[in-house]
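These notes concern the structure reproduced below.
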Amino acid sequence: MELVMALAIGILFTIGVYLILSKVLLRIILGTSLLTHGVHLLLLTMAGLKQGAAPVLGDADSYVDPLPQALILTSIVISFGVTAFYFVLAYRSYQGLGTDEIDSIKEVKE
Amino acid sequence: MLHTAVLLPFLLSIIILLIKRTKLVHPGWVVLPLPAALFVYFLTEIHTVRTEDSIVSTIAWMPKLGIDITLVLDGLSLLFVLLITGMGALVVLYSIHYLDKHTEGIHQFYIYLLMFMGAMLGVVLSDNLMVLYGFWELTSISSFLLIAFWYGRERSRYGALKSMLITVFGGLAMFAGFNMLYLMTGSYSIREIIPQVGALTEHSMFIPAMLLILLGAFTKSAQFPFHIWLPDAMEAPTPVSAYLHSATMVKAGIYLVARLTPVFAGQAGWFWLVSATGLVTLIYGSFKAIRQTDLKALLAYSTISQLGLIMSLLGLGSASAFFSGKEDAIFYAMATTAALFHLINHAVFKGSLFMVVGIIDHETGTRDLRNLGGLMTVMPVTFTIASIGAFSMAGLPPFSGFLSKEMFFTSVLNIREFDLLNSSFWLSLFPVIAWIASVFTFVYSMILVFKAFGGKLKQDKLDKAPHEAPLGLLLPPVLLISLAVVFAFFPELVSRALIEPAMASVHKGMLAPGETFEVSIHFWHGWTAEIFMTLGVIAVGILLYRTYTRLRLLDREAKGTNTLNRVYDASLQLLERGSGRLTNAYMTGSNRHYLMYIFSFFVIALLTVLVREPGISFGMEQYAPLSIYEVAVVLVMLLAAFGIPFAKSRVNAILFTGCVGYMVTLLFVLFRAPDLALTQMIIETVSVILFLLCFRYLPKLKQQKETLRFKLPNLVIALGVGVTMTLIALAAIGSSPFEPISEFFLKESYNLAGGKNVVNVILVDFRGFDTLFEIMVLGIASLSIFALIKLKLEGDAQQTPKPGKLRAALPVRSNDVILQTMSRAIVVIIVIFSLYLFFAGHNNPGGGFIGALMTSAALVLMAIAFGMDQIRQAVRVNYRLLTAVGLLIAILTASGSFLFGAPFLSHAFGHFHLPILGDTELATAVLFDLGVYLAVVGVTMNIILTIGEDKQWNS
């Protein structure tokens, strides 16, 4: 399972970075989303998968690692805030400048 | 006391800064007592230094790095501190009359001067090489500031920059040399390094260290070919030239060579480099000085040449280290005595000559020799000072310069007998060079006196009628130049008090404990070779001076043809243009390029470590079992991800991303992370809504007409990052160099925090600080979004898409009856469920974040069903205020622990028996979670409503 996840993480990162390097704002933002997903899965996979019950204390003998989960939870919420900010930035720059391509934004500015 | 002495100038400069506004008193009067008092203090220490060894005091600074502020006052330091404080006092006194108190920036002038004084004292007192280096650079900086004092002038700025670049370049080389010494000996302390010299000389780094340190000394002391900064430094006010650029700062290099003589003397390289560089500088400087028309430039080249003289004497003196026999050693150490004596004499005559030039400049308005003449009768006192100074410089009796010049001749004659290096031919050249340079020195000294003061007064070329300078300007040079006479007749004054102890510091190895050097200086040694050399200098000098007058060389002074200066200017220009071009080549202004650098660096750095670092194993022995569901989920996720780059429309791309998010949610479920699954699900929903709100009205995605040249590097970098991340994931699974701390959380979650949901406990209790900042970041993001939307951008009016193109803001309006009816019921259920999630959070999946997001989801659903206006009216909450209240609750709960004397964010919990609810656990963590809840609801709703309303306004 971990092997599959490691590959999946690599692929998510590849697509994410590829999107980030493109010219269109929307693609760039979506790229950062994919990157975030990749990071979350990476954190989770690092700790080892399915090695016990969910980290809600009960009768189980062993639990999965709670620490990555806490980290990811924080990250999910933060990345929501950041993504929302990106959206609005892109939306406003389109409103103001009439384009959503990063290179032409530069030209308009100049 | 030594530390106080170094610190006092800096403290006084702060006081000068404070009295900046008052014009009542010339700041020079405030400064003057300090160098005078320090001078007197150091005079009283002469006895101690003579009889005992040296005064040491240490303040620990960075003991682990071997850097302590150890100040040592020994013979050599004493000579220099007296020079610094004594000259300092005279120069300050002189400057009070030279610079009017209404001069612009007069306070800065004294602040820089004090800074220099403190730094220079630090240089000559520090025993620790690193501390010495720090003060050394500080002198360069204060010199820079003082040269650029009239920063309005282009020449001043040019000169300041030049001196800074050259001396700091040398300083950095010296810094490297110091560190090499440290690597070899394990100490930065000069006194600890000296005893280790025996073992040092064989070290491969020894010679490089020597060369680098000499580079520092030569640049600072303006030795050929680094001397080019000194003539340009003459743009500084004349008191500065007298102080920094003739008497003290430029002698720092000399000091360093003398100070490190016990370390490096006995090396053939040291002997040749120091003595030959000195001689070349001596003859070059004296020759150039003859051709100058500006009095200050003449003095600058003369200073260069005299510094070369002292430097070469130190080199000759180092020959004594080759001999173990006492007599031979003392025979050659004579040169060091001459160096130290000439150092004092040079400060005396050059300092007063600079002051004289300052007076001439002040009284006539020019320093150009072509316009000057006949000042002898108008300014008799100044003329007397100038003559004594110039004659002393030329080495004529009965002035102290004569004595040291004779000793110089003795030293260069003695060195011919130095037969250890098999190069008697070169050594026999030394006296010849010294003699020729002395002739030049004689000539320019005469030019200085007779061109300026002799002949007829050229009143038509002067702006004002010259007259004798006021007493205040005359007093310092008179005091100073009288020393040239006093030292000449009573050389024991300096030789016993200063030179003998200083000799003991420079030639440490030559003395048995308790011994002192016997230095005696006399006028008359009989008809020796030296006296004939002097007579020859005078005869040839007079001849040359007369020819020179006839040739009228002055009028033919070629301007700016100095090759070295051209090299400096050209290389500076080349550097500037080159670095400009280089920067422009990679700082393209394109985000994409910067990202490519970042990602490439990321890949290269991490891959290198992963491949080369030992002890990293990839993968594990026992993988978790693989089930068909999981594979299916992963496959769907990847397919959706692949779809994004190929999506033709925005909505498709957004939906694909949403799909990836939901698959991640499923993976969270499969990997037993219920909290994550809940959060991710709601966030994904809200995000997709946001995406659609923002991007629905943007134009269709254009078909990317990107070339392969554009795509290929992107693809390569992206693949590199992907491969790196896969390897990192495998490496992270495969190797765990230390025990994870997670066991602690699992074990103590219930005992310490009273919660069974470990993830939630970590968030609100163990790692509560993170969470506090997290909601703050969210609050900032939501406020920025609010500001972005409400802010009216420039050019908005023209560029906003035409209203006709915009349809209703939200896809679904109030006429959708079924949705409205359904949502009324559903919203209630969701809100109740969200409250349950919030309260259950401590022991079951849920918590503040999840509850808040669920509540927001309900509100968003209502907004979709009834429109943004409706929801505004139905739920009258100012969401920005709500965010603030939430943050406040969280912070207050966190600080509440202060009341109980506990650290920030300590939580308490207890079990209470409440009516109806029965045994209930109450924890302050819940209160903190409430803050989180309110803040997150506020943030989410603020974002959604702000964007949604903006749409409506547009339509």
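Numbered from 1 within each chain, the chains take letters A, B, ... in sequence-line order.
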Please flag which part of [X] lies under 4.5 Å from any non-hydrogen atom of chain B: side chain, backbone, both or neither.
{"X": "A/Leu73", "value": "both"}
{"X": "A/Leu67", "value": "both"}
{"X": "A/Leu41", "value": "side chain"}
{"X": "A/Leu34", "value": "side chain"}
{"X": "A/Leu71", "value": "neither"}
{"X": "A/Ser33", "value": "side chain"}
{"X": "A/Leu43", "value": "neither"}

If you count heavy-atom pairs under 4.5 Å with chain B, which of [options] comes out on top?
{"options": "A/Asp65, A/Val4, A/Ile15", "answer": "A/Ile15"}
{"options": "A/Val64, A/Thr45, A/Leu30", "answer": "A/Leu30"}
{"options": "A/Val82, A/Thr36, A/Leu19, A/Val39", "answer": "A/Leu19"}

Q. Side-chain contact, heavy-atom cut-off 4.5 Å: B/Ile785 with A/Leu89?
A.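 A side-chain contact is absent here, since even the closest heavy-atom pair is not under 4.5 Å.
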Q: Check whether any side-chain heavy atom of B/Met725 lies under 4.5 Å from a side-chain heavy atom of A/Leu42, and answer yes or no.
A: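 They are in contact (side-chain heavy atoms under 4.5 Å apart), so the answer is yes.
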Minimum heavy-atom separation for [X] and [Y], please, with both atom names.
{"X": "B/Ile644", "Y": "A/Arg27", "answer": "O-NH1, 4.3 Å"}
{"X": "A/Phe80", "Y": "B/Ser687", "answer": "CD1-OG, 3.7 Å"}
{"X": "B/Ala718", "Y": "A/Val17", "answer": "CA-CG1, 3.7 Å"}

Q) Just by modelled atom types, is the A/Ala6 backbone N or O under 3.5 Å from a matching donor or acceptor in the B/Thr726 side chain? A) yes
Determine all donor-acceptor pairs shorter than 3.5 Å in which one atom belongs to a side chain in residues 670-683 of chain B; sequence neighbours excluded.
residue, atom, partner, partner atom, Å
B/Arg672, NH1, A/Gly52, O, 3.2
B/Asp675, OD1, B/Asn757, ND2, 3.2
B/Asp675, OD1, B/Gly846, N, 3.0
B/Asp675, OD2, B/Asn757, ND2, 3.4
B/Thr679, OG1, B/Asp675, O, 2.6
B/Gln680, NE2, B/Glu684, OE1, 2.7

Q. Could you go step by step and tell me if A/Gln69 and B/Phe668 meet the side chain to side chain contact (heavy atoms under 4.5 Å, CB included) rule?
A. CA-CA 9 Å; A/Gln69 297 198 12; B/Phe668 284 153; over 6 Å; no
Q | By salt bridge (Lys or Arg N to Asp or Glu O under 4.0 Å) - contacts of B/Glu630 (at least two apart) | A |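 If we apply the salt bridge (Lys or Arg N to Asp or Glu O under 4.0 Å) test to B/Glu630, skipping adjacent residues, the hits are A/Lys50.
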